[in-house]
Structure formats: structure tokens, C-alpha cells
Amino acid sequence: MIRIKTEEEISIMRENALMVSKTLAEVGKHVEPGITTKELDVIAERFIRSLGAEPGFLGYEGYPATLCTSVNEVVVHGFPSSYKLKEGDILSVDCGTKYRGFYGDSAYTFPVGKVSEEDQALLDATKASLYKGIEQAVAGARIGDIGEAVQNYCETRGFGVVREMVGHGIGKNMHESPEVPNYGRRGHGVKLKEGMVICIEPMITAGRKEIYLDDNGWGIITADGKKSAHFELTVAIRKGEPYVLSTFEFIENNK
Ligand code: MF3
Ligand code: CO
């Protein structure tokens, strides 16, 4: 069942989305060689609580942290740890909040110091594909329109599109229907209606698309060991144009 949100609910979800967006920017200020992903997690948890919200991921289905910090070949769901970031790494930071009964959820992949041209191209393509997907997210379109836009953008540039992990509806639960795959066919899948709120989150690889599950039961890792990027924004479905609730502007205007 797909839960349609009222305007009031969407305004609470917008508050969540902005809190997540600001938390990612706060974390981003500290992303540099030498810091550990656990230190970033502490920064995020404090920041979220200082805003009067709660971490959305901590304790969610037993997840042990505020952030998912996924370095290089880790696609998503990396645990914060004593790993010290090093120059040239790429770091996906995925963050959630819970506030006034609703969830926020957004992710950004940061370059650590100077990264290779190849890695920068992966980051650029993944983010651009997210915006291509968002363009499709309007009332009357279908889930497959989003998937096809993301897939087409990435695959024509030689990148891999992870199939096993997908975007999702969001609301009083972090994961609601419908699923939002990053692949698909135009005109297929669930029809988007006003008041749906979805997270679009391409998980894109520099090499092959296959992944495996880490021994810890959470981490998703590329099978070929090549790097992967992940960007996520939350979109409310409207007529005419998408209403993007979360934003990367706090991250990108900080630099
Ligand atoms: N952002 C992730 C997603 O979209 C949520 C992480 S799940 C958690 O599915 F368990 F790590 F919290
Ligand atoms: Co998500």
C-alpha cells in the first residue's frame, strides 16, 4: 500500500529533509584525510540531536550507527569504524533523521582530498543520474520512467547500475512502498500520484554491477572491488514539477 501524504505531512517531511541535508553538510566539513568514519558518526549524531531530532538509522532493524559510511568499493551500509580516511578515497555518507513522527533520508558521496579523474567522473555521473531521475518524478509518470532515466544515463557512460538495492517511499516509516529501482522501462511500474514521497538513490559502480553482502550482514560491496558512488534525495510528487525536499546546496555552498 502506498501512503499518500497531506500538505501538512509534506511540510514536516521537508523539515526532516532539511535537517538531514544540513547534517550531511556538517559531516562534509570534516571529511579529510586522517579522520575516522566513527568520528564523523559522532559529529552527525550530536548535530542531529542539537536540532531536536533523532538519528533515523540508529537501532533501525538493529543498525548500529547514525550514519552509513561506505568507502570506495563499499556501495552502501558501511559501518562507521576506526578506519582513517585517506587521500583519494571516496566516501558515501548516508544519513537519516526522525522528527515529529516522520523520517528523513539522504546521501552524498564525498571525495577525500584530491581524487583521480576517473573517480570524479563516477561521482559526477552518479549525481547527474539522480537529477535525471528526479526530472521524471511528477504525477502521472511511472516508476519505470525514473529507473530508465538513471540507468540510461549511467550505462551509456560505461558505469554499472546496482540492481539489488533500490530507492523507496518514505514517511512514518523509513522504507515504504513503492520500491524505486535505478533501472527499468519507460511506461512501466507504479503510476506516481500527487502526495507520494519517494527517495531516489542511484548506487553506481565504476566496473561491473554485481555486489555481495559483507560478513557483518550489512555492508554491500562490489564483487570486482571497483569503486561505487551513491547519492540520494527525497522528492514529493506534484503535478507539473517535482518538489525536491532535501538538497545538496548546504554541502556544495560550503566549499
Ligand atoms: N538510506 C538507506 C536506504 O535508503 C537507509 C539505511 S538503512 C539503515 O535504504 F538501516 F542503515 F538505517
Ligand atoms: Co534511502
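Read the numbers this way: they start at 1 and go in the same order the structure lists the ligands and their atoms.
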Chemist: Any nitrogen or oxygen of Tyr60, side chain or backbone, less than 3.5 Å from one on ligand 1?
Modeler: no
Chemist: Tell me whether Asp94 has any N or O atom under 3.5 angstrom from an N or O of ligand 1.
Modeler: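 Right, the criterion is met.
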Chemist: Report the nearest protein non-hydrogen atom to atom 4 (O) of ligand 1: residue, atom name, distance rounded to 0.1 Å.
Modeler: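 Minimum-distance protein heavy atom for atom 4 (O) of ligand 1 reads Glu201 OE2, 2.5 Å.
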Chemist: Side chain, backbone, both or neither: which applies to Met165 and ligand 1 if a contact is any heavy-atom pair less than 4.0 Å apart?
Modeler: neither
Chemist: Quick one: closest heavy-atom pair of Ala137 and Ile237, and the distance?
Modeler: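 What the structure gives for the nearest pair is O-CD1, 3.5 Å.
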Chemist: Do the two ring centres, one from Tyr60 and one from His175, sit under 6.0 Å apart?
Modeler: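 Between His175 and Tyr60, which both carry aromatic rings, the centre distance is below 6.0 Å.
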Chemist: If you take all heavy atoms of Asp105 and Glu201, which pair is closest and at what distance?
Modeler: OD2-OE2, 4.4 Å
Chemist: At the 4.0 Å heavy-atom cut-off, does Cys68 count as touching ligand 1?
Modeler: yes
Chemist: For His175, counting its heavy atoms only, list the atoms of ligand 1 lying under 4.0 Å from any of them.
Modeler: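 Counting from 1, the qualifying ligand atoms are 3 (C), 4 (O), 5 (C), 9 (O).
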Chemist: Under the criterion side-chain contact (heavy atoms from CB on, under 4.5 Å), which of Gln151, Glu148, Lys209 is the partner of Tyr183?
Modeler: Gln151
Chemist: Quick check: closest heavy atoms across Ser21 and Thr247, and the distance to 0.1 Å?
Modeler: OG-N, 3.0 Å
Chemist: Out of curiosity, Thr23 OG1 to Ile48 CD1, how far, rounded to the nearest 0.5 Å?
Modeler: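 Answer rounded to 0.5 Å: 4.5 Å.
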Chemist: Under the ring-ring contact (aromatic ring centres under 6.0 Å, His included) test, which residues partner Tyr63, sequence neighbours left out?
Modeler: Phe79, Trp218
Chemist: I'd like to know if Glu61 contacts ligand 1, where contact means a heavy-atom distance under 4.0 Å to any ligand atom.
Modeler: no
Chemist: At under 4.0 Å between heavy atoms, which part of Cys199 makes contact with ligand 1: side chain, backbone, both or neither?
Modeler: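 Contact part for Cys199 vs ligand 1: neither.
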Chemist: Mind counting the protein N, O or S atoms sitting less than 2.8 Å from the Co ion (ligand 2)?
Modeler: 4
Chemist: Do Glu45 and Arg49 meet the salt-bridge criterion of a basic N to acidic O distance under 4.0 Å?
Modeler: yes
Chemist: Do any nitrogen or oxygen atoms of His168 come within less than 3.5 Å of a nitrogen or oxygen of ligand 1?
Modeler: yes
Chemist: Compare every heavy atom of Asn182 with every heavy atom of Met165, then report the nearest pair and how far apart it is.
Modeler: O-ND2, 4.1 Å
Chemist: I'd like to know if the side chain of Glu176 pairs up with that of Tyr103 as donor and acceptor (distance under 3.5 Å, no hydrogens or angles considered).
Modeler: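 Judged by distance alone, the side chains do not pair up.
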Chemist: At a non-hydrogen distance cut-off of under 4.0 Å, which region of Phe57 contacts ligand 1 (side chain, backbone, both, or neither)?
Modeler: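 Both of them.
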Chemist: I need the nearest protein heavy-atom contact for atom 7 (S) of ligand 1: residue, atom name and distance, please.
Modeler: His77 NE2, 4.0 Å
Chemist: State, yes or no, whether a side-chain contact exists between Ile90 and Leu123 at a heavy-atom distance under 4.5 Å.
Modeler: yes
Chemist: Number the atoms of ligand 1 from 1 as they appear, then name those within less than 4.0 Å of a heavy atom of Met174, with their elements.
Modeler: 12 (F)
Chemist: Would a 4.5 Å heavy-atom cut-off, applied to side chains only, mark Phe110 and His30 as touching?
Modeler: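 No, every pair of side-chain atoms sits at 4.5 Å or beyond.
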